[in-house]
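In what follows, chains carry the letters A, B, and so on, assigned in the order in which the sequence lines appear, proteins first and then strands, with residues in each chain numbered from 1. Scope of the values below: all heavy atoms of this structure, side chains included, with no hydrogens, waters or symmetry mates. Just so you know, these numbers come straight off a predicted model, no measurement behind them.
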Amino acid sequence: MSITDQIQQVRSEFQTDLKSLSSENGSVDTIRIKYLGRKGLVASLFVQMGSVSKEERPHMGQALNELKSEISTQIDTLGSGDNSQGENREEFIDYTLPSDPLPAGSIHPLSQVMEEIKSIFLRLGFSMAYGPEIDTEFYNFEALNIPRHHPARDMQDTFYISESVLLRTHTSDTQIHFMESHDPPVRIIAPGRVYRNEDISVRSYCLFHQIEGLYVDKGVTFAELKGTLDYFAKELFGKKVKTRFRPSYFPFTEPSAEMDVSCIFCKSKGCNICKKTGWLEILGCGMVDPEVFKAVQYNPEKWTGYAFGMGIERMAMLKYGVEDIRLFYNGDVRFLRQF
Amino acid sequence: MKVSQNWLKEYIHISDTPGEVADYLTALGLEASYEVKGKNFTNVVLGRVESCNPHPDADKLSVCEVDTGSGELNQIVCGAPNVKAGIHVPVAQVGAEFNGGDFKIKKAKLRGVESNGMICSGKELAYNDDHEGILILDTDAELGTPIENILNFEEDVLFELDLTPNRGDCLSHIGVARDLAALTKQKIKSQDIQIQEISSKVSEVVSVSIEDKDACPRYAARVVKGVKVGPSPSWLVQKLEAVGLSSINNVVDAANFVLMDKGHPMHTFDLAEIEDQKIKVRYAKEGESFTTLDGVKHKLSNFHLLICDGKKPVALAGIMGGENSEISESTTDVLIESAYFNPTVVRKGAKTLDLSTDASRRFERDTDMDNVIQSINQLAGLIQKVAGGEILQGIVDEYPDQKDSTTILFSPEYCRNLLGIDISDEDIQSIFSSLQIQSRIKNGKMECTIPLFRNDLEREVDLCEEIARVYGYDNIPSSQKYSASYAAFTEDDQELDSLLRTHLQSCGFHEHYSNSLFGESFTSHFAGGEAVELHNPLSRDMAYMRNSILPGLLMAADYNEKRQEKGFNLFEIGAIHNTNTKTETGSKEKFQLGLLWYGEPALHWRKYEDRDLFHCKGEIEKLLATCGISQISFKPANAQGFTIALKIYSRKTQIGVLGIPENSILKQYDLKRAPIIADLSLHSLRDLWKNRKQSYTSPPQFPATSRDIALQVNREIPAEALLMTIKKDGGDHLKKVSLFDVYQPTDVGETQKSLAFSLQFQSESATLIDAEVDSVMSKILDSLQKAHGAVQR
């Protein structure tokens, strides 16, 4: 039988099947598979195209394509219930059934806060740097002008691995690592995990995360430190916050300061979160101490700079109102899903 | 450190509100909060309990008849355990108010018994912190006398200072007063210390020798003879109580008073216990033992400094005195020690004995060499005043090398540049002068002489901070512009991490941060090398740094399983450590990405297949594709802790491992259900990502053609191997191979399996003709046969 005949035969068989469908209540899908399936009648005709002569091929191809589209249009009309013939077989689909479950995950609140802070400083031309969690006394203390048997060591309870190796207590170690390996000017922020030998409670954990900032160039001033950090605070907490700098002490900066922002919860009226002071302590900062420059062989006569550091957990607790620091580390998906 | 405003007023004039003073102190770097003290009640008078009987209906209450001098007795119900007949007590009468009316005393019935007033405790009157019972007064004042005429309810403001370690000078009232004086532009009122000495000389009673003058550069001694040790007068008790010290006896209280006033710690010995009339300052011998006055016996090392007499140690220098020579009621002659001890020596000594005292805290923060003499004179005078006795003539002052004041060369220009302020030389000098720093202009610079009480000022930059402090940090302008050097830009090694986080978030993973400290048993579950052990862990459960990212994820899985969570995915990006003798820290840090799939998809009206390893393989391939990493393969392998493990490769680089943990491991985490886990090296990912292909080829212009083949092969032959062969022989035109069916044919026995592949061919330069494709196909089939014994079905 020629292909043309076969096409004709399939066409009439299809019409017969259509009629029997309406009387016998057969399934549209069975017909679809019979004619349009991967091994269906139409497909088998296409397979035979290989044996058709080159001259006839375009003609045959066209006839076959017409058949295919004719059948598929009719099946589609049946399926959609548009046709009066198929009206009583219209399938009711409840589109309010729940959607496919494609749950989104979450980025940890600490990562989000870190990312937010990072992006502000990247915009200000800071680059990223990283320091190791296990470090030596030299990088964590001595080069930062905190000699052994100095009372400043009491400010940070330290986990030791050996006499001179420890878990870093702050990201300030990165200042030294970076300056040792890079010539000035330097403009970096360094996020990372730090450790303190403190009992675990609602407000403190044996580890937390910090972001350190360091800027060294010619002619860097305290006024510039204030300007940069004030900009940062306004970007992070909103244009309306005020900042306050007050003298503090860090062995690796001189002068040293703490920066407070006006309490974002009570608008400086005084609440429990700001302990009635109207101010929230946000970060420590100061001008890089000349001793630190000497430790990394920078000439303190030539270069000045500022450094700052802040706790990510504290920022996240403020931002999201988290009251128990341990929620950050136990992996409770009921907590994580909310971020 | 607690500071009393009344005490400060002995040095400076204060007219500002307590809040303003606290703000000044904070602005000076002496972070302060405050509390207002004083009489907070009305209508409390002296009464005497005339009778005291048990309450008929309450075990803990008593019914008292109290005489308040009004001519009739008041019936008062009292709950204090120490109430009894005959005692004098403060009585809040009906109508009395506390805290400005927050609390009022009214006629009341307590369990049916009428009560007219309240007998008060020390805490209720804000007199002290005692709330155990009522305040029993020892007085012969007339009944009905207002209580404020009997007890002292002096109005005061107490400032609580949170001091930084550099400001040891402010551990005293004079130190705080000096700073406030500088800010408020006042001069400190000087105190005249005059003492009356008798003619016999102190040098005839005691001699001092110092073995190591670095550890103890100065040691001064005075003697007061014939004192009567006893209770302190009430003014002294109150002064000390105001700043949180309790009274011990008049001699010790006098020393504490000078400590709080001038900040110089001194010690008082019972001279009778000092043998051979000698004081010798020396280091302890290794293992030497000594009992401090708190009764604790210490075993000392050779770096502990001791004060000894002719025979034995009598004090741990700068830390605490000895039990053997402390002032007791029988003491008549007092030896006063006023010394300067090396801060490092005191700190090291105190730290190793875990003994921190008011004295050691001050010596550690460095004390004022000049204060040695001022303080000893003040104390001798005060002891005489409160305990009587006679002061022997002179001071034994062993001070071999006179310490000079520090001189710092200060450049006003440097200061202006560092702070970014425009301040004149005159203003700088005036700030210096307010801080008692003498300055002299010399060749455009200032030569500054630092008073000995400010031994934290050693360098030019320290003086810049002083200028900033007094000028006011808030008065320094915030710069409105900034400059950045291109030379400061450096590459970010961890740039990939945020991409990973975003990708995994959208694939339904929650990011986890786990504790990186855990117990020893958790260090051996997975391959990770030897874990790094802490020398001083919080507990054995947190004694090691994690050497694998997986335990933290499994702990989190267990946490959630116990909270009825049925299905979740977690990931963590973090550092792991293992020991490594080649590095300076003896350890190596690596960054890993850990993934965990737990449980089943949500219950749903449509059925979803459980996530199995094939799903997770796909998820990893998708992750790697997102990072531009290609040519991924998974090879079954053995891996520690896994019952099934697939090593993940990109070409020949191993990236990580994916699999199912062993049952024995799951038990360690108390997990009921096995999650699927993966551990990937972030270093490999970062490297591959950095070197990812960043070019493209034009989409093909010519049609593709495909061939399907069904193979029959021994079931042990991995599909991956067949695929590799097909790809290898497929040549450039083979664009895609899909494995679309795996089945077990019924006709060939159990050792065989059948796999169906669809191969797609396409050329960039022409439409492929059948013959070309057929020849490639036969080559592929040939190789499959030779390499794997695969035959076409």
Problem - Which atoms of A:E115 approach chain B - backbone, side chain, both or neither, heavy atom under 4.5 Å - result: side chain
Practice task
Let me know if A:D183 has heavy atoms under 4.5 Å from chain B in its side chain, its backbone, both or neither.
Solution key: neither
Problem - B:E584 side chain near A:F138 side chain, heavy-atom distance below 4.5 Å - result: no
Problem - Heavy-atom proximity to chain A below 4.5 Å, by part of B:M542 - result: side chain
Exercise for the section: Please determine, among A:N197, A:L225, A:V186, A:D217, the option with the most heavy-atom pairs under 4.5 Å with chain B. Expected result: A:N197
Problem - A:V288 and A:W303, any side-chain heavy atoms less than 4.5 Å apart - result: no
Problem - chain A contact via B:R606 - side chain, backbone, both or neither, heavy atoms under 4.5 Å - result: side chain
Handout entry: Closest contact, heavy atoms only, B:N580 versus B:K588
Key = ND2-CD, 3.5 Å
Completion exercise
Max heavy-atom pairs within cutoff under 4.5 Å with chain A, candidates B:T583, B:V532, B:D493, B:V461, goes to B:V461
Handout entry: Heavy-atom contact with chain A under 4.5 Å, split by part of B:E565
Key = side chain
Fill in the blank from the handout: One option among B:L418, B:V346, B:L28, B:N569 has the most heavy-atom pairs under 4.5 Å with chain A, and it is B:L418
Practice task
Please flag which part of B:F571 lies under 4.5 Å from any non-hydrogen atom of chain A: side chain, backbone, both or neither.
Solution key: side chain
Practice task
Mind ranking B:S33, B:S516, B:A484, B:A557 by heavy-atom pairs under 4.5 Å with chain A and telling me who comes out on top?
Solution key: B:S516
Exercise for the section: Select one option (side chain, backbone, both, neither) describing which atoms of A:L167 are under 4.5 Å from chain B's heavy atoms. Expected result: side chain
Practice task
Would you mind checking which part of A:M259 comes under 4.5 Å of any heavy atom in chain B, side chain (CB onward), backbone (N, CA, C, O), both or neither?
Solution key: neither
Handout entry: Under 4.5 Å from a heavy atom of chain B, the part of A:V216 involved
Key = neither
Practice task
Would you verify whether the NZ or CZ of A:R326 falls within 45 degrees of the ring axis of A:Y329 while also being under 6.0 Å from that six-membered ring's centre?
Solution key: no
Exercise for the section: Please work out whether the ring planes of A:F121 and A:F126 are parallel, tilted or perpendicular, with thresholds of 30° and 60°. Expected result: perpendicular
Problem - Spacing of CD belonging to A:E291 relative to CZ belonging to B:R459, to within rounding of 0.5 Å - result: 5.0 Å
Practice task
Could you check if a side-chain atom of A:F208 sits within less than 4.5 angstrom of a side-chain atom of A:V194, using non-hydrogen atoms only?
Solution key: yes
Practice task
Count the heavy-atom pairs under 4.5 Å between each of A:V165, A:I134, A:I161, A:T304 and chain B, then report the option with the highest count.
Solution key: A:I134
Problem - Nearest heavy-atom neighbours spanning A:Q338 and A:R334 - result: NE2-O, 2.8 Å
Completion exercise
Most contact-rich option vs chain A, by heavy-atom pairs under 4.5 angstrom, among B:A27, B:A468, B:G586, B:G19, is B:A27
Handout entry: A:N330 versus chain B, the contacting section by heavy-atom distance below 4.5 Å
Key = both
Problem - Minimum heavy-atom distance A:C206-A:F159, with the two atoms named - result: O-CE1, 3.8 Å
Problem - Heavy-atom side-chain contact between A:P191 and A:Y130 under 4.5 Å - result: yes
Handout entry: Between CZ on residue A:R187 and OH on residue A:Y306, distance to nearest 0.5 Å
Key = 5.0 Å
Handout entry: Ion pair A:R246/A:E281, N-O distance below 4.0 Å
Key = yes
Handout entry: Under-4.0 Å salt bridge between B:R469 and B:E466
Key = yes
Fill in the blank from the handout: If one checks every heavy atom of B:E460 against chain A at 4.5 Å, the contacting part turns out to be neither
Completion exercise
Cut-off 4.5 Å, heavy atoms of chain B, and the answer for A:R193 is side chain
Handout entry: Ring center gap for A:F222 and B:Y473 short of 6.0 angstrom
Key = yes
Fill in the blank from the handout: Counting heavy-atom pairs under 4.5 Å with chain B, the top scorer among A:T136, A:T243, A:L97 is A:L97
Completion exercise
Given A:H209, A:R148, A:E163, the one with more heavy-atom pairs under 4.5 angstrom with chain B than any other is A:H209
Exercise for the section: Side chain from CB out, backbone as N, CA, C, O: work out which of these in B:K348 comes under 4.5 Å of a heavy atom of chain A, or both, or neither. Expected result: both
Exercise for the section: Mind telling me whether A:H182 and A:F178 have parallel, tilted or perpendicular rings, with 30° and 60° as the class edges? Expected result: parallel
Problem - Selection from A:P103, A:S248, A:P132 maximising heavy-atom pairs under 4.5 Å formed with chain B - result: A:P132
Exercise for the section: Measure B:P343 against the heavy atoms of chain A and call it side chain, backbone, both or neither at under 4.5 Å. Expected result: neither
Exercise for the section: Look at B:E589, B:E533, B:R365, B:E572 and state which one has the largest set of heavy-atom pairs under 4.5 Å with chain A. Expected result: B:E589
Handout entry: Portion of A:L336 that has a non-hydrogen atom of chain B nearer than 4.5 angstrom
Key = both
Handout entry: Option in B:G552, B:A488, B:S587 with maximal non-hydrogen atom pairs under 4.5 Å from chain A
Key = B:A488
Problem - Which portion of A:T253 sits near chain B, non-hydrogen atoms under 4.5 angstrom - result: neither
Exercise for the section: Assert yes or no for the condition that the ring centre distance of B:H510 to B:F568 is strictly below 6.0 Å. Expected result: no
Problem - Engaged part of B:Y513 at the chain A interface, taking heavy atoms whose separation is under 4.5 Å - result: both
Problem - Residue part contacting chain B, namely of A:F250, when any heavy atom lies under 4.5 Å - result: neither
Exercise for the section: Would you kindly say whether A:E180 and A:Y139 are connected by a side-chain donor-acceptor distance under 3.5 Å? Expected result: yes
